[in-house]
Amino acid sequence: MDQPRHVPVLLDRVLELFAPALSGKPAVVVDTTLGMGGHSDALLSAHPELTLIGLDRDPQAIEMAGKRLARHGDRVHLVNVTYDHIDEAVEDLGYSRVDGVLMDLGVSSLQLDEEERGFAYSKDAPLDMRMSKGTGMTAADVLNTYSHGDLARVLSTYGEERFAGKIASAVLREREKEPFTNSGRLVELLYAVVPAASRRTGGHPAKRTFQALRIEVNGELESLRLALPAALGVLAVGGRIVVESYQSLEDRMVKHALAELAKSKTPPGLPVELPGHGPEVKLLTRGAELANEQEIEDNPRAAPVRLRAAERIGAPR
Ligand SMILES: C[S@@+](CC[C@H](N)C(=O)[O-])C[C@H]1O[C@@H](n2cnc3c(N)ncnc32)[C@H](O)[C@@H]1O
């Protein structure tokens, strides 16, 4: 099954934003979140001279996207690493700078659709949630071993869950009887603990807890915190970065990383920009761009997306 099951999010806009940096030259792009290779495939088709470096922490994504992108031959290099290793991956392939970096954060439709990986709360499945299949702590490990304080902090910070403390207490009580193994039991617990009245505004009672566990299991925010400066560091002058986030903590990190580099470091009041103190990037988006109604209808996964993009206009300070 090499056919894509879903449309890449905001594909036309992503192509449009990259076009000025890639057109008519042998450019290099890093797709740091290869997934099923949807964005990569379209970029390679749109730019016949483009070389693409595709990264993904999920070996299954590398394998599947590899098959899908095989028709582009030696223009494609795939590396199974987390995106905070972008600088090493670029250097190992013999490049010093690249013309584009794409980050389409979060889980892929492939990961969500594979029930046994435990990302979806709609199916009873093992509480796994590891994107780097088979390595590191699972969601069940978090539920069965974390202290009340740590669990409540994870749920409240990463899930923005108002009932984090109550949920943590219920988890600790329940795991005394028997450790958690499957999502069905957790979902049942969440239905019992999250007040029915809050569902009208907050959506499914398991939504925020599942998001929080996934972020914790995969160290997602730490990886992104390290990846943003690394990605901006490998971008050539004239090169462009496009980031699609799906939750507010990620989007906030992206916004701050770009805004910081878009500022001049010349002390205020000086009539000219001091050499080496000018802005490093120019923002290409006003605030965060959202999906329109048609996009969301075609692809419900696009509903929460926040897209931000920037172009490097000065060398790293
Ligand atoms: C939303 S999907 C990308 C979909 C892709 N743009 C497409 O068109 O098919 C996100 C992908 O990023 C990967 N991923 C998430 N966190 C990562 C990280 N820290 N490093 C590398 N890959 C990561 C996931 O394994 C997943 O395959």
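Both counts, for ligands and for their atoms, begin at 1 and track the order of listing. For clarity, every value in this text was computed on a predicted model and none was experimentally measured.
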Mind listing the closest non-hydrogen atom pair of A27 and A21 along with its distance? CB-O, 4.2 Å

Over all atoms of both residues, closest heavy-atom pair of A302 and V9: CB-CG1, 3.9 Å

How does [X] reach ligand 1, by side chain, by backbone, by both or by neither, if only non-hydrogen atoms under 4.0 Å count?
| X | result |
| --- | --- |
| V107 | backbone |
| L105 | backbone |
| S223 | side chain |
| L34 | backbone |
| R301 | side chain |
| T32 | backbone |
| M131 | side chain |

Answer yes or no: is there an ion pair linking [X] with [Y], defined by an N-O contact shorter than 4.0 Å?
| X | Y | result |
| --- | --- | --- |
| E176 | R173 | no |
| R185 | E174 | yes |
| K265 | E273 | no |
| K25 | E49 | no |

Taking the side chain as C-beta and beyond, is there a heavy-atom pair between F210 and M129 under 4.5 Å? yes

Contact between L189 and F180 at the side-chain level, heavy atoms closer than 4.5 Å - yes or no? yes

Touching ligand 1 at all, [X]? Heavy atoms, strictly under 4.0 Å?
| X | value |
| --- | --- |
| V81 | yes |
| E220 | no |
| L55 | no |
| L110 | no |

Interatomic distance, E220 atom CD to R57 atom CZ [nearest 0.5 angstrom]: 7.0 Å

What's the spacing between I53 CD1 and I86 CD1 if we round to 0.5 Å? 8.0 Å

Heteroatom proximity flag, [X] to ligand 1, N/O under 3.5 Å:
| X | answer |
| --- | --- |
| Q111 | yes |
| D84 | no |
| H39 | yes |
| D58 | no |

Considering only non-hydrogen protein atoms, determine which one is nearest to [atom] and report residue, atom name and distance to 0.1 Å.
| atom | value |
| --- | --- |
| atom 7 (C) of ligand 1 | G38 N, 3.5 Å |
| atom 26 (C) of ligand 1 | D56 OD2, 3.4 Å |
| atom 3 (C) of ligand 1 | T33 O, 3.2 Å |
| atom 9 (O) of ligand 1 | M36 N, 3.0 Å |
| atom 22 (N) of ligand 1 | R57 N, 3.2 Å |
| atom 20 (N) of ligand 1 | Y83 N, 2.7 Å |
| atom 4 (C) of ligand 1 | D104 OD2, 3.4 Å |

Side-chain (R75) to main-chain (L44) donor-acceptor, under 3.5 angstrom: yes

Sidechain-backbone polar pair: R130 side chain, V217 backbone, donor-acceptor under 3.5 Å: no

Test the R301-Y246 pair against the cation-pi criterion, namely NZ or CZ under 6.0 angstrom from the six-membered ring centroid and within 45° of the ring axis. yes

